[in-house]
Every structure is written in C-alpha cells, then in structure tokens.
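One structure below.
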Amino acid sequence: MKTIALFLALVFCLGLAACSSGPVKEADELMKAKDEVILEMGKKIEANPTEAGVDEARKLFESKKGDLNAKSVAVREKITGAHGDLMTKLQGSVVSDGEGFNNIRKKVVTNDAANKKFLALQKDFEETTAYFKVSGK
C-alpha cells in the first residue's frame, strides 16, 4: 500500500511541477484528477485484492467517470493547434497512468477473474480520460 501510494504521490507531484507553467489549465486539472482516481482505486484494490476489490474500484471509477470525461473533452477542445509542450506533458501523464495501473496490478490482483475485471477497468479509464479520440473507435 505504501509503495503504491508513494509512487502515485511522486507521479502526481512531478506532474504538478512539470505543469506549473503549463499553458492550459484544463490539462493540469485532468492530470490531477486522473492521478487522484488511480490512487483511490489502488487503495480500494489493495484493501481487498480480489474480484470484490476490483468491483469496489469500478464503483469508484464510475462515480468519477463523468467528471474525468468532461475534463478530457475540455482538454481536447483546447489542443486544436500546435501545443508541443502540452502534448509532451499529456503523453507523460498517460505513461505514468499506465505505470500506476501496472504497479497496482502486480501487487494486488490475485486471480484470473480479478485480473480480467482489472484490465477492463484500466481500459475504460484510459478511454474515458483520453485527451484525443481516434476516429473510427
């Protein structure tokens, strides 16, 4: 638990430090919200590393999904032009999200059923928080 919390806190702090001069407020808000949700989901799963724990994390995610999606849409609307620094920060955020999910999965998911549910949760999170949408998907 402490390892996951420390890792995610570090990622969160680095994200804030990197984004303190960021040109788009919405991107900062999205990255902060994603980090907080991943941390909260990690705590739920670590407290109960079974299917039931993943279900609790899913419930938490579902309660935050609308806000995360709204923040993602706001970012999409702002990155219509060339924003190299912003894109680099957002791509870094996606990488750290993946690392956070991988750390949670390695340490707490205990069986195949829980693993499948966890991977579905991760996919839904990634689709919800995507700051760009690929046409046809």
Side-chain angles (χ1 to χ4, degrees):
M1 164 80 173
K2 289 180 183 178
T3 304
I4 293 170
L6 289 174
F7 171 77
L8 292 174
L10 176 64
V11 169
F12 175 71
C13 291
L14 289 175
L16 286 179
C19 295
S20 62
S21 63
V24 179
K25 176 184 168 190
E26 289 82 359
D28 293 342
E29 291 174 358
L30 172 61
M31 289 183 279
K32 180 181 175 187
K34 290 188 328 175
D35 290 343
E36 289 171 355
V37 171
I38 291 171
L39 181 62
E40 289 179 49
M41 288 189 303
K43 288 177 182 177
K44 294 277 186 195
I45 294 171
E46 188 156 346
N48 186 0
T50 65
E51 278 185 87
V54 177
D55 289 341
E56 287 297 314
R58 166 64 72 178
K59 287 178 190 174
L60 172 77
F61 170 68
E62 291 297 334
S63 74
K64 309 282 185 176
K65 189 174 181 176
D67 183 55
L68 289 169
N69 189 54
K71 287 177 178 7
S72 297
V73 168
V75 170
R76 272 196 302 277
E77 290 173 353
K78 295 286 182 172
I79 56 173
T80 56
H83 291 52
D85 288 344
L86 176 60
M87 294 303 293
T88 299
K89 289 174 189 174
L90 288 168
Q91 289 167 348
S93 176
V94 170
V95 170
S96 67
D97 294 347
E99 290 171 353
F101 272 100
N102 285 336
N103 283 336
I104 294 167
R105 184 171 171 234
K106 286 179 194 174
K107 294 187 186 277
V108 298
V109 176
T110 57
N111 61 51
D112 287 339
N115 187 51
K116 287 179 185 177
K117 284 186 172 187
F118 183 79
L119 291 174
L121 173 60
Q122 181 178 358
K123 181 181 179 195
D124 196 11
F125 179 89
E126 290 168 352
E127 290 173 354
T128 298
T129 61
Y131 53 87
F132 67 93
K133 297 289 182 186
V134 178
S135 59
K137 289 192 175 185

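Atom set for the values below is all heavy atoms of this structure, side chains included, hydrogens, waters and symmetry mates excluded.
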Practice item. Search all heavy atoms of Phe118 against all heavy atoms of Val54 and return the closest pair with its distance. Key: N-CG1, 3.5 Å
**Study point:** Salt-bridge criterion met for Lys59 and Asp55 (N-O under 4.0 Å)
**Key:** no
Study note, to complete from the structure: Output for pair (Ile38 CD1, Lys64 NZ), nearest 0.5 Å, gives 13.0 Å
Practice item. Search all heavy atoms of Leu60 against all heavy atoms of Ser63 and return the closest pair with its distance. Key: O-OG, 2.6 Å
Check your understanding: Hey, does the side chain of Ser72 reach the backbone of Thr128 with a donor-acceptor pair shorter than 3.5 angstrom?
Key -> yes
Practice item. Search all heavy atoms of Met31 against all heavy atoms of Ser93 and return the closest pair with its distance. Key: CG-OG, 3.3 Å
Study note, to complete from the structure: For Lys34 and Leu68 the tightest heavy-atom approach is N-CD2, 3.9 Å
**Study point:** Glu126 side, atom CD; Leu121 side, atom CG - distance, nearest 0.5 Å
**Key:** 9.5 Å
Point to revise | Glu40/Lys43 salt bridge by N-O under 4.0 Å criterion | key: no
Check your understanding: In Å and rounded to the nearest 0.5 Å, what is the CD to CG distance from Gln122 to Asp97?
Key -> 9.0 Å
Review point. Closest approach of Lys71 and Glu29, non-hydrogen atoms and distance?
Key: CD-O, 3.7 Å
Revision key, fill the gap. To the nearest 0.5 Å, atom CD1 of Ile104 lies from atom CD of Glu99 at 12.0 Å
Revision key, fill the gap. Rounded to the nearest 0.5 Å, the CZ atom of Arg58 sits from the NZ atom of Lys44 at a distance of 15.0 Å
Check your understanding: What's the spacing between Asn111 CG and Lys116 NZ if we round to 0.5 Å?
Key -> 10.0 Å
Practice item. Please answer whether the main-chain N or O of Ala120 pairs with a side-chain N or O of Asp124 as donor and acceptor at a distance below 3.5 Å. Key: no
Review point. Would Val95 and Gln91 satisfy side chain to side chain contact (heavy atoms under 4.5 Å, CB included), going step by step from the backbone distance to the final call?
Key: CA-CA 6 Å; Val95 170; Gln91 289 167 348; 5.7 Å; no
